[in-house]
Amino acid sequence: MPPNHLLLTESMASPLGERHRISRRNSLTNVSQIELDSVKLGVEGWASLSAGVGSQRNLQEYFQESTAADEDSHLVEFSDALQTVAKALRQVAESKARTVDEAAEWKRKYELEVVRCQQLKQLIAEKASVEENQDEKSKSVVDEQNDSESSGGGHSPPSFGNGVCCSKEGICNQQVIREQGFANSSPESKDYSDRKLSSAKASFHLAWGCNGRSGRRHKHDVVSFESGNITTAVRSNKQITLQWDSPPKSVFILTKPNSVSVAKMCGEMVRWLKDVKNVRVFVEKNVKKELVEDDSYYNFLLACERDEELALLHTKIDLVITLGGDGTVLWAANMFKGPVPPLVSFSMGSLGFMTPFQSDRYQECLDIVMKGPVFITLRHRLHCRIIRSKDKGETDLEEEDHLVLNEVSIDRGMSSYLTNLECYCDNLFVTCVQGDGLILSTPSGSTAYSLAAGGSMVHPQVPGILFTPICPHSLSFRPLILPEHVTLRVQIPINSRGQAWASFDGKDRRQLSAGDALIVHMSAWPVPAACDDESTHDFLRSVREGLHWNLRKSQSFDGPREQ
Ligand SMILES: NC(=O)c1ccc[n+]([C@@H]2O[C@H](COP(=O)([O-])OP(=O)(O)OC[C@H]3O[C@@H](n4cnc5c(N)ncnc54)[C@H](O)[C@@H]3O)[C@@H](O)[C@H]2O)c1
Ligand SMILES: Nc1ncnc2c1ncn2[C@@H]1O[C@H](COP(=O)(O)OP(=O)(O)OP(=O)(O)O)[C@@H](O)[C@H]1O
């Protein structure tokens, strides 16, 4: 027995013990395997000693090396296993998010289909009533003729314009305003007065031409109505013209709050619209109250008192007028969750990027717009849907919809962590936003928050969705512009460190928790904004005058020095 036998067996105990533990954890070995290993190690150690190489130091090094190598290989195995599990978890999360997304998309299609069916039903009912009216009319004419023939005189029957325009033109914006169920209303009932208001809504059509108003090229009608509401079913990047078929009869004025000059202008405009233009004027509830408090003359003003009335506002209003800045335009757009009547925005704010009309020339401007034809910019909006995933339960999903004219932004709010936003475009993974957040903007919003975050300025008629990161923590994360038809999904990963916050046109902040998703696509309901001059001229003027774009003193040229 060598003198250091004792030392040898003690030194062997520790590494084998460690190995034993690891093997047990992995359930790969059993007792006999460990015994075999011990014998092997003992023999190898003994052999090296007996070969005369061994010293106490050599033995220690030998055992340290073999232990480290063993541990390394098990750690590698362990980390491989962890990676496989992580990959599987990610695939499950992705497929779940995809399913949620697809469900939302189907729901959206279903809702559109329901709307379409309702409109078709309305159309059919409308045609039937027109035919009935015509039958009755011809019958009464025949009756009258008979009467006059029999009595030798008489007068014409009362004329109801109901549906004549629609029967003549096919689809026009009159159709949407006739709510079902009015047929039996008595003249005293509220329904009847609503109906009177509704059926007085003006009719118009849109057209686009390649060279604008003065162009010689033929202008084509754009059938972009769905029962009279402007949709983006047919989008055109050409200049669009709005032509009234009958003059506008009802106007809704929206004003910036807490401004004396705006309130004064509103009062003046209301008088002019009533006395000179003879139109019905709607204002917000609080505005009517303030005006009436000052002067009882304003008692004739109409205001929507109930939410249900607000939801049907588009069926009563021919023209929306805003007095304020861009915020008032956003406010007006937000009031219409579906179709939006043509909008005329007067500049009474500081920047006024989307407010082309000068308020001191309001009579002249409104005269032109109400007479038509007038150029309009179809400002596209984004439809945003928050899908909540409470406790990750499949059935426990809450949904919430928003329509934005500028943008939806997702930021880190009060959290000091970087955002971790997984972004998908039509279910294709795009990127993970690590930074302060992300802006999904319309071309109209490209000159607002997105611009401040480094996004491009885009003409409002260019169809697309801007994908602009906010302070990304990566040198190569540049903004993108995606085509208008895509559906974007921003997913808060389950393992996200912090929460995120979504804002819609800078308002209605909503917290997004891990597992929640935001789905964004182009809405079918744009804001038809009247142009002062023409869409491109208005845009370039705003860029130059509002933002002082590329303002620089020209270099001087005094000519070459004379030799
Ligand atoms: N860092 C930023 O630039 C920043 C930060 C937050 C919000 N915003 C913008 O403010 C908007 C909300 O506007 P608000 O008036 O209710 O808030 P606000 O009163 O804070 O005004 C924001 C400013 O943005 C301007 N603005 C708004 N929409 C614009 C557009 N489409 N093009 C050019 N400028 C525009 C307004 O004229 C105003 O000067 C949000 O939709 C967002 O785009 C910008
Ligand atoms: N009718 C309204 N009711 C309540 N709030 C409104 C209304 N119209 C506008 N606002 C809000 O008032 C704020 C200021 O409005 P707006 O941006 O039009 O004026 P401004 O700040 O003077 O103009 P600018 O944006 O050009 O600087 C905005 O936050 C907007 O959301």
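Heads up: numbering here begins at 1 and tracks the sequence. Order of listing sets the numbers, starting from 1, for every ligand and every atom in it.
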Would you say [atom] makes contact with the protein, given that contact here means a non-hydrogen protein atom less than 4.0 Å away?
{"atom": "atom 33 (C) of ligand 1", "result": "yes"}
{"atom": "atom 10 (O) of ligand 1", "result": "no"}
{"atom": "atom 13 (C) of ligand 2", "result": "no"}
{"atom": "atom 19 (O) of ligand 1", "result": "no"}
{"atom": "atom 8 (N) of ligand 2", "result": "yes"}

Starting from [atom], which protein heavy atom do you reach first, and at what distance in Å?
{"atom": "atom 27 (O) of ligand 2", "value": "Ser350 OG, 2.4 Å"}
{"atom": "atom 11 (C) of ligand 2", "value": "Pro257 CD, 4.4 Å"}
{"atom": "atom 29 (C) of ligand 1", "value": "Ala448 CB, 3.5 Å"}
{"atom": "atom 25 (O) of ligand 2", "value": "Asp326 N, 3.8 Å"}
{"atom": "atom 14 (P) of ligand 1", "value": "Gly327 CA, 4.0 Å"}
{"atom": "atom 31 (O) of ligand 2", "value": "Lys507 NZ, 3.0 Å"}
{"atom": "atom 16 (O) of ligand 1", "value": "Lys507 NZ, 3.4 Å"}
{"atom": "atom 2 (C) of ligand 1", "value": "Tyr449 CD1, 3.6 Å"}
{"atom": "atom 15 (O) of ligand 2", "value": "Lys256 CD, 3.7 Å"}
{"atom": "atom 13 (O) of ligand 1", "value": "Leu330 CD1, 3.6 Å"}
{"atom": "atom 3 (N) of ligand 2", "value": "Trp331 CE2, 3.1 Å"}
{"atom": "atom 28 (N) of ligand 1", "value": "Asn406 ND2, 2.9 Å"}

Heavy-atom nearest option to atom 39 (O) of ligand 1, drawn from Leu351, Thr442, Thr355: Leu351

Any idea which of Glu407, Met457, Lys256 brings a heavy atom closest to atom 40 (C) of ligand 1? Glu407

Under 3.5 Å, is there a donor-acceptor pair between the side chain of [X] and the main chain of [Y]?
{"X": "Asp533", "Y": "Asp538", "result": "no"}
{"X": "Asn420", "Y": "Gln434", "result": "no"}
{"X": "Asp436", "Y": "Leu418", "result": "no"}

Should [X] and [Y] count as an ion pair when the cut-off is N to O under 4.0 Å?
{"X": "Arg489", "Y": "Asp426", "result": "no"}
{"X": "Asp532", "Y": "Arg541", "result": "yes"}
{"X": "Glu400", "Y": "Arg385", "result": "no"}
{"X": "Lys264", "Y": "Asp294", "result": "no"}

Taking N or O atoms only and a 3.5 Å limit, does [X] qualify as a polar contact for ligand 2?
{"X": "Gly349", "answer": "no"}
{"X": "Gly325", "answer": "yes"}
{"X": "Gly327", "answer": "yes"}

Heavy atom under 4.0 Å from ligand 1: found in Thr447's side chain, backbone, both, or neither? both

Any idea which part of Leu451 is under 4.0 Å from ligand 1, heavy-atom wise: side chain, backbone, both or neither? neither

For Ser503, which of Val408, Asp508, Asp411, Ile439 qualifies under side chain to side chain contact (heavy atoms under 4.5 Å, CB included)?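 With Ser503 as partner, side chain to side chain contact (heavy atoms under 4.5 Å, CB included) holds for just one option, Asp411.
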
Taking atom CZ of Arg497 as the centre, report whether more than 12 heavy atoms of other residues, nucleotides or ligands fall under 6.0 Å from it.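 No - once you tally the heavy atoms of other residues, nucleotides and ligands closer than 6.0 Å, there are 12 at most.
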
Does atom CH2 (Trp549) have a neighbourhood of more than 12 heavy atoms from anything else shown, all under 6.0 Å?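 No.
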
Check whether NZ of the Lys or CZ of the Arg Lys274 lies under 6.0 Å from the centre of the six-membered ring of Phe300 and within 45 degrees of that ring's axis. yes

Under 6.0 Å from the ring centre and within 45 degrees of the ring axis: does the NZ or CZ of Arg412 meet both conditions for the six-membered ring of Tyr417?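 Judged by the rule (NZ or CZ under 6.0 Å from the ring centre, within 45° of its axis), Arg412 is not positioned above Tyr417.
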
Identify, by atom number and element, the atoms of ligand 2 in contact range of Gly352, meaning under 4.0 Å from any of its heavy atoms.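 Close to Gly352: 26 (O).
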
Considering the heavy atoms of Glu284, write down every atom of ligand 2 situated less than 4.0 Å from one of them.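 It comes down to these atoms of ligand 2: 1 (N), 2 (C).
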
Would you mind running through ligand 1 and noting each atom that sits below 4.0 Å from a heavy atom of Met354?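 What qualifies from ligand 1 is 31 (N).
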
Ligand 1 atoms nearer than 4.0 angstrom to some heavy atom of Ala452 are 1 (N), 2 (C), 3 (O)

Determine whether Thr442 and Ser444 satisfy the following criterion, side chain to side chain donor-acceptor pair (under 3.5 Å), listing intermediate values before the conclusion. CA-CA 5 Å; Thr442 61; Ser444 291; 4.6 Å; no

N or O contact, Asp326 vs ligand 1, cut-off under 3.5 Å: yes

For [X] and [Y], which I'm curious about, is there any donor-acceptor pair between the side chains at under 3.5 Å?
{"X": "Ser535", "Y": "Thr377", "result": "yes"}
{"X": "His459", "Y": "Thr536", "result": "yes"}
{"X": "Thr468", "Y": "Ser450", "result": "yes"}

Quick check: closest heavy atoms across Ala530 and Ile376, and the distance to 0.1 Å? CA-CG2, 3.9 Å

Mind checking whether Ser444 has a heavy atom under 4.0 Å from ligand 1? yes

Under a 4.0 Å heavy-atom limit, does Thr255 contact ligand 2 with its side chain, its backbone, both, or neither? backbone

Set out, in order, the CA-CA distance, both residues' side-chain angles and the distance that settles side chain to side chain donor-acceptor pair (under 3.5 Å) for Glu364 and Tyr362, then state yes or no. CA-CA 6 Å; Glu364 188 190 330; Tyr362 78 89; over 6 Å; no

